[in-house]
Each structure stands twice: as C-alpha cells, then as structure tokens.
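Here is the structure we will look at, set down as structure tokens.
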Amino acid sequence: MPELPEVEVVRRGVAEHAVGRTLSSVEVLHPRAVRRHVPGPDDFAGRLAGRCLSAARRRGKYLWLELGDEAGSPDSGGEALVVHLGMSGQLLVQPGDAREEKHLRVRLRFADGGPELRFVDQRTFGGLHLADLVEVDGIALPKPVAHIAPDPLEQVFAVDAVAARLRSRRTGIKRALLDQSLVSGVGNIYADEALWRAQLHWARPTATLTRPKIRELFDAVTDVMQEALQVGGTSFDALYVNVNGESGYFDRSLAVYGQAGRPCRRCGASVRRDAFMNRSSYTCPVCQPKPRNAHL
DNA sequence: CACAATACCTGACGGC
DNA sequence: TGCCGTCAGGTATTGT
C-alpha cells in the first residue's frame with residue numbers, strides 16, 4: 001500500500017521523467033478517478049492541455065505537480081495537479097503504444113511525443129484533481145492538502161509541537177498516528193512497524209506518553225520510513241510500483257506487519273493480529289504488552 | 001470541537 | 001466449479 005515512502009518513490013520518478021514537459025492532451029477513461037475535480041472530467045482534461053509540469057512535490061501521502069505556462073515558468077495563479085494514490089493507485093511512465101493496463105483510469109500525453117503518464121488504479125480509492133495553491137506557514141500547498149499536517153521527513157516537522165498535541169488527546173496512540181491532521185504520511189504498515197520498534201502497544205493512551213517516549217516513537221517512524229525509501233518502498237504484490245512498474249523490497253524487512261504467527265525478531269514470541277478500526281494491528285505480545293487502561 | 005464509525009471500491013483467497 | 005464471506009485500507013463524510 002502506498003504510504004509516505006512509496007509516494008516519495010513515485011514523486012522522484014515523476015520529477016525525473018515528467019517535470020519540465022508540457023501536456024498536450026489528457027484522457028479520462030474512468031470518471032471516478034477525477035471525482036474530486038468538481039467541474040468534471042471534461043473541465044479537468046481541458047484545463048491541463050497546454051500546461052507545463054513545473055515541479056513535483058509531496059506532503060505525507062499527497063503528491064502534486066505544479067503547473068506552469070507553456071514556457072515552463074510557474075504561472076501567477078499557482079495551480080497544481082493533485083494526485084492521491086489511495087490504496088492501489090499507480091503513476092506510470094509508459095510509451096504511448098504500450099498495451100493499456102486493465103485499470104487504466106487517466107492518460108496524460110505530452111507535446112514532445114515522448115512517454116506518457118498513466119494513472120492506473122484497481123480499487124479507485126485514489127484520484128487526480130486540479131487545485132489552487134495556498135500558503136500555509138510559508139509553504140505553498142494545494143487547498144485540499146492545507147489541512148494535512150507536516151510529515152516526519154519535512155524540515156518544518158516539529159516533534160515537540162506534535163508531542164504537546166498528542167498528550168492533550170484522549171485516544172490510542174495508533175489512532176493518533178494515523179490521523180493525518182496530526183502527522184501525515186503514516187499508514188497502517190509503518191504505524192505498526194514504528195510502534196514495534198518503540199515497544200508501544202497500539203491502544204496505549206496518548207495522554208500517558210512522556211515527551212521522551214514520543215520522541216523515541218517519532219525517531220522510529222523516521223527511521224523505518226527512511227529505510228523503506230532506500231530500498232524503493234514496500235510492496236506485497238503488483239499493486240504498488242514505481243513509475244517504471246518496479247516493486248520495492250521493504251516487505252522483506254517488516255518485523256510485525258502481516259507477520260501473524262511468526263516469531264518476534266527481538267524476543268521470539270509469536271506475533272499477534274488484532275482487529276483494529278475495521279482492519280488489523282500486528283504486535284509482539286511480549287515487547288508490546290497491552291496496557292490496562294487501553295484505548296480500544 | 002473531539003473522537004469514532006462508516007461508505008467507498010475491486011480482486012484474491014479459503015471454505016464448502 | 002462456483003458461490004459466498006472475508007480481507008486489504010486511506011480518506012471524506014456522517015454520527016455521537
């Protein structure tokens with residue numbers, strides 16, 4: 001599933017292969033892929049034609065391509081093509097005559113006649129839309145991304161400010177980690193991996209965490225994400241791939257996620273799976289004991 | 001306002 | 001063989 005490291009791998013690919021190029025035509029093959037573009041698919045395609053992709057940026061799991069005029073300079077309006085991969089979205093760089101993917105949703109062609117960008121998405125939770133840029137704390141963000149908190153790999157990420165907000169909450173630590181308005185980029189996989197590294201149970205009340213423990217947890221979040229990034233992200237199947245269609249290798253480094261019944265790498269106890277928010281949480285029952293005052 | 005639950009979606013897989 | 005239930009889960013929306 002694409003979380004922050006996977007989206008960053010895609011961002012780098014798009015920066016290398018598409019930034020600086022001018023779009024010629026855009027084809028929407030499935031309207032649901034642009035459902036967040038309120039004016040509709042025709043408006044989406046019409047407004048992109050002739051625009052240059054001037055930069056590829058990211059916050060958390062959101063990716064956006066800044067749009068410039070044909071000469072390539074950023075336009076005064078400040079507009080971006082926002083991309084969210086959802087659960088199964090892929091952004092691929094493909095020759096125009098390459099076979100159509102089964103779940104091809106949007107095709108973006110370029111004026112230079114080179115490889116096109118394809119948005120492929122089996123489960124259609126992801127999508128593309130156009131948005132104006134607004135300034136938040138000195139950073140230009142698309143309007144729909146403005147409510148998302150900085151991610152742990154950003155310069156502006158301030159762990160002490162996050163710790164203060166965490167400690168005032170009345171919820172479990174994993175729910176808080178997954179709340180993109182508190183910290184962005186963390187999904188189910190990296191939440192479980194970071195909690196295992198910091199030896200915290202998912203239901204631990206945030207209010208009971210000390211500042212040093214919260215710092216330790218976010219060090220673990222940062223470490224696990226950077227390690228994943230170095231090997232191209234996590235993929236269990238063909239659903240997550242970089243722009244060249246290649247899978248990452250971080251699945252081989254997972255300590256608990258998806259490892260139910262296998263021995264904990266630290267103590268050997270059998271990793272357990274709990275139902276959590278209509279999905280799963282994986283923990284070591286010995287290293288991450290369930291607190292008595294658990295926030296279930 | 002804070003927090004929790006649910007809807008949205010498709011395909012793989014196991015049981016019968 | 002094929003049907004059915006379950007699971008995967010990020011985010012917007014709805015409910016308390």
Side-chain angles (χ1 to χ4, degrees), chain A residues 1-8 10 29-38 58-64 82-91 101-106 119-129 131 141-149 151 162 164-195 202-208 221 225 233-241 247 250-251 254 256-261 272-282 293-296:
Chain A
M1 313 304 152
E3 296 183 29
L4 185 154
E6 291 74 32
V7 178
E8 175 61 15
V10 173
L29 293 96
H30 194 310
R32 188 172 151 79
V34 296
R35 67 194 180 284
R36 294 185 64 196
H37 189 80
V38 177
R58 182 191 57 74
R59 166 167 280 190
K61 303 168 198 169
Y62 278 91
L63 171 68
W64 66 92
V82 181
V83 180
H84 199 293
L85 301 177
M87 286 181 57
S88 53
Q90 306 173 346
L91 215 43
E101 293 79 3
K102 182 175 180 189
H103 302 293
L104 178 63
R105 309 302 191 195
V106 180
F119 181 69
V120 177
D121 189 12
Q122 178 205 104
R123 293 177 214 177
T124 68
F125 276 29
L128 277 53
H129 67 287
L141 300 172
K143 261 182 195 153
V145 184
H147 70 291
I148 300 296
D151 68 57
V162 175
R165 292 184 64 194
L166 262 179
R167 281 155 54 85
S168 71
R169 290 214 165 184
R170 292 295 176 269
T171 189
I173 182 60
K174 185 169 171 183
R175 280 183 188 276
L177 273 182
L178 296 178
D179 182 344
Q180 305 294 301
S181 67
L182 193 64
V183 52
S184 66
V186 184
N188 207 36
I189 299 169
Y190 296 108
D192 278 4
E193 291 300 307
L195 289 167
W202 54 266
R204 175 75 176 269
T206 54
T208 68
V221 170
M225 284 181 168
T234 302
S235 49
F236 311 94
D237 47 38
L239 278 188
Y240 162 70
V241 292
S247 296
F250 196 68
D251 59 313
L254 295 172
V256 285
Y257 182 84
Q259 309 296 311
R272 66 173 276 163
R273 172 185 173 275
D274 295 315
F276 168 81
M277 289 174 79
N278 285 332
R279 51 205 59 160
S280 300
S281 264
Y282 297 90
N293 52 357
H295 258 286
L296 299 178

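This one's a predicted model, so the numbers in the text were calculated from it and none came from an experiment. Within every chain, numbering begins at 1; the chains are lettered A, B, ... in the order of the sequence lines, protein sequences first and strands thereafter.
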Interatomic distance where CG belongs to A:L178 and P belongs to C:dA12 [whole Å]: 14 Å
Comparing A:S168 and A:N278 on DNA chain B - which has the more 5′ nearest nucleotide: A:S168
side-chain contact (heavy atoms from CB on, under 4.5 Å), paired with A:L182, selected from A:L177, A:I148, A:L166: A:L166
Below 4.0 Å: OP1/OP2 of C:dA8 and any side-chain N or O of A:Y282: yes
Short side-chain N/O contact to C:dA8 OP1/OP2 from A:R273, under 4.0 Å: yes
d(CE, A:M277; P, C:dA8) in whole Å: 14 Å
Sugar-phosphate, base or nothing in reach of A:H30, heavy atoms under 4.0 Å: nothing
Any A:R170 side-chain nitrogen or oxygen under 4.0 Å from OP1 or OP2 of B:dC3: no
Any A:H84 side-chain N or O less than 4.0 Å from OP1/OP2 of C:dA12: no
Sugar-phosphate, base or nothing in reach of A:F276, heavy atoms under 4.0 Å: nothing
DNA chain B: 5'-proximal contact among A:G172 and A:R279 (nearest heavy atom): A:G172
Whole angstrom value for the distance that separates P of B:dA5 from CG of A:L296: 10 Å
Value in whole Å for how far the C1' atom of C:dC7 lies from CD of A:Q122: 13 Å
Distance test, side-chain N/O of A:K102 to OP1/OP2 of B:dT10, below 4.0 Å: no
SB check A:R32 A:D121 (cutoff 4.0 Å): no
Nearest to side-chain heavy atoms of A:N188, which nucleotide of B:dA5, C:dG10, C:dA12: C:dG10
Whole-Å gap separating C1' (C:dG10) and CG (A:D192): 15 Å
Below 4.0 Å: OP1/OP2 of B:dA4 and any side-chain N or O of A:T171: yes
Donor-acceptor under 3.5 Å (A:Q180 side chain, A:L178 main chain): yes
Residues A:K61, A:D151: salt bridge by 4.0 Å N-O rule: no
A:D121 CG to C:dA8 C1', straight-line distance once rounded to whole Å: 14 Å
Rounded distance (Å) that lies between atom P of C:dT11 and atom CG of A:L63: 13 Å
OP1 or OP2 of C:dT11 under 4.0 Å from side-chain N/O of A:Q180: yes
Any A:R32 side-chain nitrogen or oxygen under 4.0 Å from OP1 or OP2 of B:dC8: no
A:R36 side-chain N/O to C:dT11 phosphate OP1/OP2 under 4.0 Å: no
Closest nucleotide among B:dC8, C:dA12, B:dT10 to the A:F125 side chain: B:dC8
Rounded interatomic separation in angstrom, taking CZ from A:R59 and P from C:dG10: 19 Å
Distance test, side-chain N/O of A:H103 to OP1/OP2 of B:dG11, below 4.0 Å: yes
pair A:L85-A:L63: side-chain heavy atoms closer than 4.5 Å: no
Any A:T124 side-chain nitrogen or oxygen under 4.0 Å from OP1 or OP2 of B:dT10: no
Intermediate values then yes/no, side chain to side chain contact (heavy atoms under 4.5 Å, CB included), A:D192 and A:K174: CA-CA 8 Å; A:D192 278 4; A:K174 185 169 171 183; 2.6 Å; yes
Distance test, side-chain N/O of A:R123 to OP1/OP2 of C:dA8, below 4.0 Å: no
